Amino acid sequence: MTDWNPPPSGNGAGCRIVDLPRVTDPRGNLTSIEGGSQIPFDIARVYYLYDVPGGESRGGHAHQDLQQLIIAAAGSFDVVVDDGTEVARFHLNRSYYGLLVPRLTWRELGNFSTGSVCLVLASLPYTEEDYHRDYDGFLRARREAEAAGTAP
Ligand code: TYD
């Protein structure tokens, strides 16, 4: 059984769901994440989106070098990812699933449920220089990386 709907077709635009460890307990469940273990990078930064008004979308951008794990820590939302060739939509609605998004992947978040919290674990500190905020610029960078054999 999958908890995201619709299931990603193709290769999920290079993104994949990570099933995080769960310590279930009648007192409440617990999930932990260690950088370099469940996810293929050390965690340099954590941030979260919350109080997102209905109908808003966030995160129309890509990163040159940053990798990230996106988790619906509360509630649910959709993540649309695009590797320049394929577009996939993931519906995140369990706090023990993370969506692993490689570098050079355009991503947008939307369809937030009321009270949802989007938790992001990032491989790098915040720096505006790492952002591609222009889609065409992202595509150029992606194609350059593919030509150089350095694309994820
Ligand atoms: P941004 O990543 O651009 O989010 P979105 O694409 O959803 O708009 O972040 C929005 C603003 O928040 C941006 O101006 C920079 C600031 N910001 C930080 O200061 N530190 C951070 O770690 C992040 C992710 C954003």
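Basis for what follows: all heavy atoms, side chains included, without hydrogens, waters or symmetry-related copies. Numbering of ligands and ligand atoms starts at 1, following listing order. No experiment lies behind these values; they were computed from the predicted model shown.
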Give a yes or no on whether a salt bridge exists between Glu144 and Arg140, defined as a side-chain N under 4.0 angstrom from a carboxylate O. no

Using modelled atom types only, decide if a donor and an acceptor are shared between the side chain of Glu86 and the backbone of Asn11 within a distance under 3.5 Å. yes

Could you list, one pair per line, each nitrogen or oxygen of ligand 1 together with any protein nitrogen or oxygen closer than 3.5 Å, giving atom names and the distance rounded to 0.1 Å?
from	atom 1	to	atom 2	distance (Å)
ligand 1	2 (O)	Tyr131	OH	2.5
ligand 1	3 (O)	Arg133	NH1	2.8
ligand 1	3 (O)	Arg133	NH2	2.7
ligand 1	4 (O)	Arg58	NH2	3.4
ligand 1	6 (O)	Gly59	N	3.3
ligand 1	6 (O)	His61	ND1	2.9
ligand 1	7 (O)	Arg58	NE	2.9
ligand 1	7 (O)	Arg58	NH2	3.1
ligand 1	7 (O)	Gly59	N	2.7
ligand 1	8 (O)	Arg58	NH2	3.2
ligand 1	22 (O)	Arg45	NH1	2.4

Run the side chain to side chain donor-acceptor pair (under 3.5 Å) test on Asp82 and Tyr135 for me, step by step, so that the C-alpha distance in whole Å, both residues' side-chain angles and the decisive distance to 0.1 Å come before the verdict. CA-CA 10 Å; Asp82 176 350; Tyr135 184 79; 2.6 Å; yes

Presence of salt bridge, Arg58 and Glu108, under 4.0 angstrom: no

Within 6.0 angstrom of Tyr50 OH, more than 12 heavy atoms from elsewhere: no

Could Arg94 and Tyr97 be counted as a cation-pi pair, given that NZ or CZ must be under 6.0 Å from the ring centre and within 45° of the axis? no

